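Scroll down for the structure; my scribbles are underneath it.
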Number of protein chains: 2
Amino acid sequence: MLGILRDLRGITATPGRGCTRLAYTHFEDQAHDLVWSRLRTISGLVREDDAAGNTFIVPTSALGARKPILLIGSHLDTVIEGGWLDGALGVAAGVSVLERRACDGRADPHVGLVIFRDEEGVRFNTGLFGSTVFAGGCLPSDLEAKAPDGVRVRDVVPDPDGCCEYQPPVHPAAFLECHIEQGERLVATESEVGVVSSIVGIRRVEIVGVGMANHAGTTDMRRRVDALVPVAHVVARCPTLVDGLDDAVITCGRLQVNPGAPNIVPGRVTAIVEFRAQHDATLDTIEGRLRSLVSGVTPAVSGGRCAEIGLGPIVTVAPTPTSDTLNTLLSKILESRGVPFLYLASMAGHDTQLAARRCRASMFFIPSIDGVSHNPDEDSREADIELAGDLMLAWAERCVRECL
Amino acid sequence: MLGILRDLRGITATPGRGCTRLAYTHFEDQAHDLVWSRLRTISGLVREDDAAGNTFIVPTSALGARKPILLIGSHLDTVIEGGWLDGALGVAAGVSVLERRACDGRADPHVGLVIFRDEEGVRFNTGLFGSTVFAGGCLPSDLEAKAPDGVRVRDVVPDPDGCCEYQPPVHPAAFLECHIEQGERLVATESEVGVVSSIVGIRRVEIVGVGMANHAGTTDMRRRVDALVPVAHVVARCPTLVDGLDDAVITCGRLQVNPGAPNIVPGRVTAIVEFRAQHDATLDTIEGRLRSLVSGVTPAVSGGRCAEIGLGPIVTVAPTPTSDTLNTLLSKILESRGVPFLYLASMAGHDTQLAARRCRASMFFIPSIDGVSHNPDEDSREADIELAGDLMLAWAERCVRECL
């Protein structure tokens, strides 16, 4: 586990500042290639990239969906200045299983690896893109999502049309993933493993304020139309929108001011607000509160004429339960080994939730030190990383016996 | 007037999106060169650039401060996607006076032009830099101001040491400037000219929020340290800080979120707040209110641990009265011609306020259509532009007779 994880950490756009491998960049490509260069020595394995650029490393006998197989995987893209384990851990566990299941240099015909593209959604403001394609859920509009530099998803995927009319290169009977927790619940409960019972629903929306750029000195307070002030009102109040909703979080992580000069009244401001919860009803409540806040904020803003403020389309990922069958197999392994574990709901989105639309799917977590993630300080104990590989092997073996 | 203004408009980084000639870029250099290429045909004029790169186009007899002269001028840098008249109008008026005062192709020995550098302060977040050097007010720390790309002022000025130990190349007896109003007071009062009785004081400060970047899903509301929420609270309340202060404005025109991804809790946020008023006492009141707001906001923020929020050093430009003597000369001209005019205080900073530290200085405004400025739509009526040239000539002639 540690060897390949360290090799992957070595590929980055910003040495010394964590890992930066944005989706569909040379750095992400290089990470996919690194995994294949390691597994290609096992005979009977083949690499097949799909329309979205997801990499499948699978037994040749499984190609063309001839025989159902077990897929293990995760993603290798990162956020900007992210950590070394987010995504990479699950890929490393898959590599480890493929290597340890190989017999006399020949691949196990029942198990394959998948590496999904663009899980993080940083570049195009769309998360879980590769696994969405795998799930058969890619819409033509998803291909038009644009990065700040104007590049669209359709400009970078190998086969845009094939993303929307998708056939997976193999027939998956089940999908397994492991991941760092990115939170502190395992540490707080002295658990070594978290079995994920469901994965959070996410809604993401752009707040747009449209005012009028003008001179910050000569445009008096009554005459100005400042796009930032009402958006700042909304952003400042966002935390209150999840008051009383225990399992929910809300974040504004991106806010852009145009033209962005200290002596110009802001003419256009965009802010992305994202909220998460385990149930659609909770997401509906938050969305309703956000709509009230946005429609009510303008009259409350002191000084100036009212800048227009509105919400763009809501990007939605539905809350997803994982497979009870797979979870039961894993919990039996954990019980038999005496590993303390917890069932928990994931507050992070994961490829597993999309894979679940195509086959049985589930995942487990190992503890994150101090709960830190999406940060160069992201880390886990070496013993926990090795345990992830061991558990994934045992879980895969049980699945092959009982689910194929 | 219109010919040279249109030529200057042709120099820009962003065709079709107004004028962009940031300080110390090739575009600003080209604008200075264009003016000199037009005036060099008048014999007896010489170009001399000072330590800050301010361009002086003056009679050779005035060089080395041998004979006091009248200086007319303004600046040629712009904001990003700004208008075609801000600064350029005053330079064009100076060009027009030098051309019309020349006799048989020989320069008037009493009048010169100065083009100041970096009036807008967009690139290095320091305004009025060139005229500050001319005023003898440049501090070593001013040279360390840094653009977002890491370039410092000292890297771009021709002679950093000479900026702080400054001797002007000529001895100015008076400085005259004309400028667009960038507001609507002239139009509202049906005035054709505004005689500027004083120039606004400006204070600019960076608000810094320091939290901890972390995963926006797995970091629950109580555990997160969001740097944006408290800064947004301050920015949203900024307009209230000038309540009851009629002549004051406050603006946050720049706000930057790091790392800036929708699914990461903001770890560091900076916002620049600028406020302006005609009196130091008013500026003190606003600064006091801002300090209270910043120190009081954190406990009020809902959800999450407290991000640290603080204020950087305050950049100050003092309020400045203009020369009564010069204003009286100009008002007599306006009265004798029957031009409706207004005495007013300028809410924009101008090079005149720095020139006033070295000699008598004043300025006048012509109306801005709809009060728009720092915007590609900035404009004035052609008749008003031509009037500016005529008035500057008459004012300069009176000054030469009565002030030299």
Side-chain angles (χ1 to χ4, degrees), chain A residues 79-81 120-122 125 127 181-184 200 202 204 212-221 223 226 228-229 232-233 235-236 238-240 242-243 249-255 257 259-267 272 274 276 301-304 347-349 371-375, chain B residues 79-81 120-122 125 127 181-184 200 202 204 212-221 223 226 228-229 232-233 235-236 238-240 242-243 249-255 257 259-267 272 274 276 301-304 347-349 371-375:
Chain A
V79 298
I80 298 165
E81 298 180 14
E120 298 289 359
V122 171
N125 189 26
E181 183 197 0
Q182 309 178 287
E184 291 180 320
V200 73
I202 304 177
R204 199 180 273 188
M212 183 169 177
N214 213 333
H215 193 292
T218 59
T219 316
D220 69 42
M221 298 307 286
R223 202 165 56 83
D226 185 320
L228 176 57
V229 171
H233 264 267
V235 170
C238 271
T240 66
V242 295
D243 280 353
V249 291
I250 187 164
T251 307
C252 173
R254 180 178 289 172
L255 190 153
V257 180
N263 57 351
I264 308 185
V265 175
I272 296 177
E274 185 202 84
R276 303 177 182 222
V301 172
S302 156
M347 289 301 289
V372 174
S373 185
H374 285 187
N375 184 303
Chain B
V79 299
I80 298 164
E81 299 182 12
E120 298 290 359
V122 171
N125 190 26
E181 183 197 359
Q182 309 178 287
E184 290 179 319
V200 74
I202 304 177
R204 200 179 272 186
M212 183 170 177
N214 213 334
H215 193 291
T218 59
T219 316
D220 68 43
M221 297 307 287
R223 204 165 54 84
D226 186 320
L228 177 56
V229 170
H233 265 266
V235 170
C238 272
T240 67
V242 295
D243 280 354
V249 292
I250 188 165
T251 308
C252 173
R254 181 178 288 170
L255 190 154
V257 180
N263 57 352
I264 307 184
V265 175
I272 296 176
E274 185 203 84
R276 301 177 182 222
V301 173
S302 156
M347 288 303 289
V372 174
S373 185
H374 285 188
N375 185 303

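Small disclaimer: the values here were computed from a predicted structure and weren't measured. Residue numbering restarts at 1 for every chain, and letters A, B, ... go by the order of the sequence lines.
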Original post:
For Ile250(B), is it the side chain, the backbone, both, or neither that has a heavy atom closer than 4.5 Å to a heavy atom of chain A?
Top reply: both
Original post:
Do the side-chain N and O atoms of His374(B) and Glu81(B) include a donor-acceptor pair separated by under 3.5 angstrom?
Top reply: no
Original post:
What option among Val122(B), Ile80(B), Leu228(B), Val242(B) has the most heavy-atom pairs under 4.5 Å with chain A?
Top reply: Leu228(B)
Original post:
Quick one: of Pro262(B), Ser373(B), Ala348(B), Pro266(B), who has the most non-hydrogen atom pairs under 4.5 Å with chain A?
Top reply: Pro262(B)
Original post:
Quick one: of Gly371(A), Ala232(A), Gly267(A), who has the most non-hydrogen atom pairs under 4.5 Å with chain B?
Top reply: Ala232(A)
Subject >> Option that, when pairs with chain A are counted at under 4.5 Å, heavy atom only, ranks first among Ile264(B), Ile202(B), Val235(B) >> reply: Ile264(B)
Original post:
Among side-chain atoms of Thr218(A) and Gln182(B), is any donor-acceptor pair under 3.5 angstrom?
Top reply: no
Original post:
What residue, out of Pro259(A), Cys238(A), Cys252(A), has the most heavy-atom pairs lying under 4.5 Å from chain B?
Top reply: Cys252(A)
Subject >> Check: Asn263(A) and Val79(B) side chains under 4.5 Å, non-hydrogen atoms >> reply: yes
Original post:
Checking heavy atoms, do the side chain of Glu181(B), its backbone, both or neither come under 4.5 Å from chain A?
Top reply: backbone
Subject >> When His215(B), Arg254(B), Met347(B) are compared by non-hydrogen pairs under 4.5 Å with chain A, the top option >> reply: His215(B)
Original post:
Tell me, side chain or backbone of Val249(B) under 4.5 Å from chain A's heavy atoms, or both, or neither?
Top reply: both
Subject >> Close side-chain approach of Pro239(A) and Val229(B), heavy atoms under 4.5 Å >> reply: yes
Original post:
Heavy-atom distance under 4.5 Å between the side chains of Met212(A) and Val372(B), does that happen here?
Top reply: yes
Original post:
Which one of Gly183(A), Gly260(A), Gly121(A) has the most heavy-atom pairs closer than 4.5 Å to chain B?
Top reply: Gly260(A)
**OP:** Could you tell me which portion of Val200(B) (side chain, backbone, both or neither) has an atom closer than 4.5 angstrom to a non-hydrogen atom of chain A?
**Re:** neither
Subject >> Any donor-acceptor pair under 3.5 Å from Asn375(A) side chain to Ala213(B) backbone >> reply: yes
**OP:** Just jot down the side chain to side chain donor-acceptor pair (under 3.5 Å) partners of Arg204(A), sequence neighbours excluded, or say none.
**Re:** Asn125(A), Glu274(A)
